[in-house]
Amino acid sequence: MAEMKKAVLVLQNGMRFEGWSFGYEGACDGEVVFSTAMVGYPESLTDPSYSGQILCVSYPLVGNYGIPPRETDENGLSRCFESEKIHIRGLIISYYSETYSHWDAVSSLGDWLKEEKIPAICGVDTRELIKTIREEGAMLGAIIPDGCGHSVSMWKAGEKFPVPDPNLDNQVDIVSCKEIIRYGKGNKKVVLVDCGVKHQIIRCLINRGIEVIRVPWDYDFNTLEWDGLFISNGPGNPELCGKAVEHIRKAMEGDKPIFGICMGNQLLSKAGGARTFKLRYGHRSHNQPVREIGTNRCFITSQNHGFAVDGSSLSDEWEPYFINMNDGTNEGIRHKSKPFFSAQFHPEASSGPVDTEFLFDEFISRL
């Protein structure tokens with residue numbers, strides 16, 4: 001690592017972690033979060049739900065299988081990524097593997113980060129960093145490579161570091177599409193409210209013979225003809241998505257099926273009158289145990305969210321659908337009489353088991 005420039009990660013509480021820059025040599029700031037995934041960094045980095053955040057990957061070795069081609073499929077969706085670009089503001093890892101080896105790789109992780117101008121730091125004690133976040137809660141921070149107008153020595157340990165809070169901005173508006181996009185062909189039409197949708201979600205709908213009408217997060221989809229409504233995942237604070245909630249509430253006056261994932265769970269819940277709150281450090285991992293309420297069925301799920309639904313605030317018309325077995329937080333809701341339901345986790349994820357993909361079938365069967 002002798003050829004790498006020094007870099008420093010500074011947290012708002014004054015903690016600092018020195019390391020080496022292996023991405024774009026520019027500074028970045030954001031909310032520092034962590035993921036416990038062992039693999040899947042190309043997918044994680046392109047997940048729009050990470051918008052505004054600096055991601056710390058807990059797995060100690062990152063970069064060893066490189067980055068796959070930037071190809072699209074017949075529907076114009078990224079073949080190996082969850083969107084068209086990297087959405088994290090910065091990356092934190094323990095050890096960076098400069099040498100990569102994989103039959104499908106076309107470049108290194110470091111080169112890809114430089115190409116998309118994303119700062120990254122390695123050589124960090126990620127165990128200590130994650131322990132700090134788990135004990136103190138999510139916090140803001142910045143990655144500062146040496147020589148980018150700053151010096152790694154200018155920030156002293158214990159010195160408070162002012163960082164703007166990305167959760168005060170409407171991150172959904174930043175990542176959502178700006179115009180209507182149509183995918184697939186079929187007898188049934190589903191409006192997809194794009195709050196930061198992952199490409200695999202669109203693919204799961206297309207593969208089930210559905211015509212998908214992807215609309216911006218604040219678009220009044222009630223003016224369109226559709227058979228079902230899908231509300232996607234997305235980043236940031238659901239309190240800033242009032243327009244989407246209004247449109248969903250209007251749609252709920254009818255009986256057409258509605259399915260929400262992640263941010264979609266939160267927005268559907270708010271449309272139904274429930275409250276949301278910010279989690280201490282969020283759920284961002286591939287191994288969250290979730291139980292279906294009313295049964296003993298438990299699923300290992302992939303998740304990425306920093307806010308959650310207050311299950312106690314659900315009205316009498318609604319009931320919890322799933323619950324997180326680690327901390328008891330809500331993982332989905334369902335209406336008692338109408339075909340409206342949601343999941344806080346990602347049933348489309350392929351990080352391991354795909355046994356919750358049945359939720360797409362449940363949604364399609366109601367159209």
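Bear in mind the structure is a predicted one, so any value in this text is a computation, not a measurement. Index from 1, following the sequence.
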Should [X] and [Y] count as side-chain neighbours, where that means a heavy-atom distance under 4.5 Å?
X    : Y    : result
F230 : V212 : no
L205 : I364 : yes
L192 : V215 : no
L129 : M15  : no
F221 : H247 : yes
F34  : V57  : no
D355 : I300 : no
P60  : Y95  : no

>> Applying side chain to side chain donor-acceptor pair (under 3.5 Å) to T276 and Q266, what does each step give before you reach the verdict?
In response: CA-CA 7 Å; T276 58; Q266 298 163 26; 5.7 Å; no
Verify, without hydrogens or angle tests, whether [X] (side chain) and [Y] (backbone) share a donor-acceptor contact under 3.5 angstrom.
X    : Y    : answer
T46  : E43  : yes
D227 : K189 : yes
K270 : R275 : no
N237 : E239 : yes
S78  : C80  : no
R249 : A271 : yes
H346 : E348 : no
Y281 : M139 : no
S94  : D125 : no
Q12  : L140 : yes

>> Using side chain to side chain contact (heavy atoms under 4.5 Å, CB included), reason through C195 and N233 one step at a time and then give a plain yes or no.
In response: CA-CA 6 Å; C195 299; N233 63 291; over 6 Å; no
Can [Y] be reached from [X] by stepping across I, L, V, M, F, W or Y side chains whose heavy atoms are under 4.5 Å apart?
X    : Y    : value
F360 : I213 : no
L109 : Y100 : no
V175 : L240 : no
L229 : L367 : no
V197 : I206 : yes

> Hey, which of K5, K114, K117 is the one that makes side chain to side chain donor-acceptor pair (under 3.5 Å) with E25?
Replying inline: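 Exactly one candidate clears the test, K5.
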Is [X] salt-bridged to [Y], cutoff N-O under 4.0 Å?
X    : Y    : result
E362 : R366 : yes
E211 : R182 : yes
K336 : D316 : no
R208 : E357 : yes
E115 : R70  : yes

>> Set out, in order, the CA-CA distance, both residues' side-chain angles and the distance that settles side chain to side chain donor-acceptor pair (under 3.5 Å) for S342 and N265, then state yes or no.
In response: CA-CA 5 Å; S342 58; N265 175 52; 2.5 Å; yes
Count the heavy atoms belonging to other residues, nucleotides or ligands that lie under 6.0 Å from [atom1] of [X], then report whether that count exceeds 12.
X    : atom1 : answer
N187 : CG    : no
R79  : CZ    : yes
K178 : NZ    : yes
E128 : CD    : yes
K243 : NZ    : no

>> Please report whether the ring centroid of F259 lies less than 6.0 Å from that of F340.
In response: no
> When the aromatic ring centroids of F341 and W318 are compared, is their separation below 6.0 Å?
Replying inline: no
>> Y96 and ring pair (Phe, Tyr, Trp, His ring centres under 6.0 Å): which single residue from W20, Y41, Y59, F22 fits?
In response: F22
Give a yes/no verdict on a cation-pi contact between [X] and [Y], requiring under 6.0 Å between NZ or CZ and the six-membered ring centre and an angle within 45° of the axis.
X    : Y    : value
K256 : W226 : yes
K278 : F307 : yes
R297 : F358 : yes

So which of [options] actually passes side chain to side chain contact (heavy atoms under 4.5 Å, CB included) with [X]?
X    : options                : value
H283 : N326, T301, T329, V290 : T329
Q171 : S176, S49, P235        : P235
S269 : V309, V245, I248       : V309

>> side chain to side chain contact (heavy atoms under 4.5 Å, CB included), that's the test. Do M263 and S232 meet it? Break it down for me.
In response: CA-CA 6 Å; M263 174 64 78; S232 85; over 6 Å; no
> From I202 CD1 over to I210 CD1, what is the distance, rounded to the nearest 0.5 angstrom?
Replying inline: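 So the CD1 of I202 and the CD1 of I210 are separated by 14.0 Å.
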>> Let's go through N330 and D310 carefully: what are the C-alpha distance in whole Å and the side-chain angles of both, what is the deciding distance for side chain to side chain donor-acceptor pair (under 3.5 Å) to 0.1 Å, and is it a yes or a no?
In response: CA-CA 7 Å; N330 175 268; D310 180 358; over 6 Å; no
> What is the minimum heavy-atom distance between P216 and V193, and which atoms define it?
Replying inline: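 Heavy atoms of P216 and V193 come nearest at O-CG1, 4.4 Å.
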> Taking all atoms of both residues into account, what is the closest heavy-atom pair of L91 and I143, and its distance?
Replying inline: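 So the minimum-distance heavy-atom pair works out to O-CD1, 3.6 Å.
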>> One pair to check against side chain to side chain contact (heavy atoms under 4.5 Å, CB included): V32 and L11. What are the steps and the verdict?
In response: CA-CA 8 Å; V32 180; L11 302 181; 3.9 Å; yes
> Any idea how F322 and F299 line up, ring-wise: parallel (<30°), tilted (30 to 60°), or perpendicular (>60°)?
Replying inline: perpendicular
> Could you go step by step and tell me if S44 and D47 meet the side chain to side chain contact (heavy atoms under 4.5 Å, CB included) rule?
Replying inline: CA-CA 5 Å; S44 293; D47 182 352; 5.5 Å; no
> So H199 and E84, side chain to side chain donor-acceptor pair (under 3.5 Å) or not? Walk me through it.
Replying inline: CA-CA 9 Å; H199 282 182; E84 298 83 2; 3.3 Å; yes
